[in-house]
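Order of the sequence lines sets the chain letters (A, B, ...), proteins ahead of strands, with each chain counted from 1. In this text, all values refer to a predicted model and were calculated from it rather than measured experimentally. The analysis underlying the following values was restricted to heavy atoms, covering all of them including side chains, and did not include hydrogens, waters or symmetry mates.
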Amino acid sequence: MSLSERAYRLLKKVPKGKVTTYKEMARALNTKAYRAIGQIMRHNPDAPHTPCHRCVASDGSIGGFSGQTKGKEISRKISMLKKEGVKFEGNRIKNFEKVLYRF
DNA sequence: TATTTGACCAAGA
DNA sequence: ATCTTGGCCAAAT
């Protein structure tokens, strides 16, 4: 099966209030293709129930959302996470280590 | 087959 | 803290 399918399946396991990173996902899937993971999220399977907003960059910054890497879409992603209980300091996640979900 | 393209990352300057 | 550089790898072209 394709990496994308595995990525989506894994992503659905991230609970509300926590996040994962592109790199973490790749690690959990036993591959080094963290960059490809980004491609996958971007293609936006969007399907109703794929929490692609819970996947962020490894330094705690947002990464991208809905094809954009800055601007309105990004703030949208941030507010979604905020609503789920993730706190922010500007465009970086606060207490990143504690909020990061480990598989 | 080969090339191009990123919602990436770590290390330098 | 911010920017560049080189390395990465699956998917789409």
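- Proximity of residues 2-27 of chain A to DNA chain B (heavy atom under 4.0 angstrom from any strand atom) is restricted to A:Tyr22, A:Lys23.
- The stretch residues 92-103 of chain A has no heavy atom under 4.0 Å from DNA chain B, so no residue of it qualifies as close.
- Between A:Ile37 and A:Ala7, the shortest heavy-atom contact is CD1-CB, 4.3 Å.
- Each of A:Gln39 and A:Arg35 has a nearest nucleotide on DNA chain C; the 5'-most of these lies closest to A:Arg35.
- In this structure, SG in A:Cys55 is found 6.5 Å from NZ in A:Lys77, a value given to the nearest 0.5 Å.
- Contact check of residues 65-80 of chain A against DNA chain B (heavy atom, cut-off under 4.0 Å) returns A:Ser66, A:Gly67, A:Thr69, A:Lys77.
- Summarising the geometry, atom CG belonging to A:Leu81 is positioned 6.0 Å from atom CD1 belonging to A:Ile93; distances are rounded to the nearest 0.5 Å.
- With sequence neighbours excluded, the residues that form a side chain to side chain contact (heavy atoms under 4.5 Å, CB included) with A:Arg6 are A:Met1, A:Leu3, A:Leu29.
- With contacts defined as side-chain heavy-atom distances shorter than 4.5 Å, the pair A:Ile62/A:Asn91 does not qualify.
- Contact check for A:Arg27 versus A:Lys32: no side-chain heavy atoms found under the 4.5 Å cut-off.
- Among residue pairs with one or both ends in residues 71-103 of chain A, those qualifying as ring-ring contact (aromatic ring centres under 6.0 Å, His included) are A:Tyr101-A:Phe103; sequence neighbours excluded.
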Protein and nucleotides 11-13 of chain B: nitrogen or oxygen contacts under 3.5 angstrom:
none

Under 3.5 Å, sequence neighbours excluded: what are the donor-acceptor pairs made by side chains of residues 8-21 of chain A?
residue, atom, partner, partner atom, Å
A:Tyr8, OH, A:Ile40, O, 3.3
A:Thr21, OG1, A:Lys23, N, 3.4
A:Thr21, OG1, A:Glu24, N, 2.9

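- For the pair A:Ser58 and B:dC8, the criterion of a side-chain N or O lying under 4.0 Å from OP1 or OP2 is not met.
- Think of the region where chain A sits on DNA chain C: with heavy atoms and a 4.0 Å cut, that region ends 5' and 3' at C:dG7 to C:dA11.
- Screening residues 61-72 of chain A for side-chain hydrogen bond (donor to acceptor under 3.5 Å, both in side chains) gives A:Asp59-A:Ser61 as the qualifying pairs, with residues at least two apart or on separate chains.
- Take A:Asn44 and apply the side chain to side chain donor-acceptor pair (under 3.5 Å) test, not counting sequence neighbours, and it matches A:Asp46.
- What you find for A:Gly90 and A:Ile78 is that their closest heavy atoms are O-CD1, 4.4 Å.
- Under the rule for a side chain to side chain contact (heavy atoms under 4.5 Å, CB included), the partners of A:Lys94 that lie at least two apart in sequence or sit in another chain are A:Lys87, A:Glu89.
- Across all their heavy atoms, A:Ala26 and A:Ala33 have their closest contact at CB-C, 4.1 Å.
- Sequence neighbours left out, not one pair with a member in residues 28-85 of chain A passes ring-ring contact (aromatic ring centres under 6.0 Å, His included).
- Without hydrogens or angle criteria, A:Thr50 side chain to A:Cys52 main chain gives no donor-acceptor distance under 3.5 Å.
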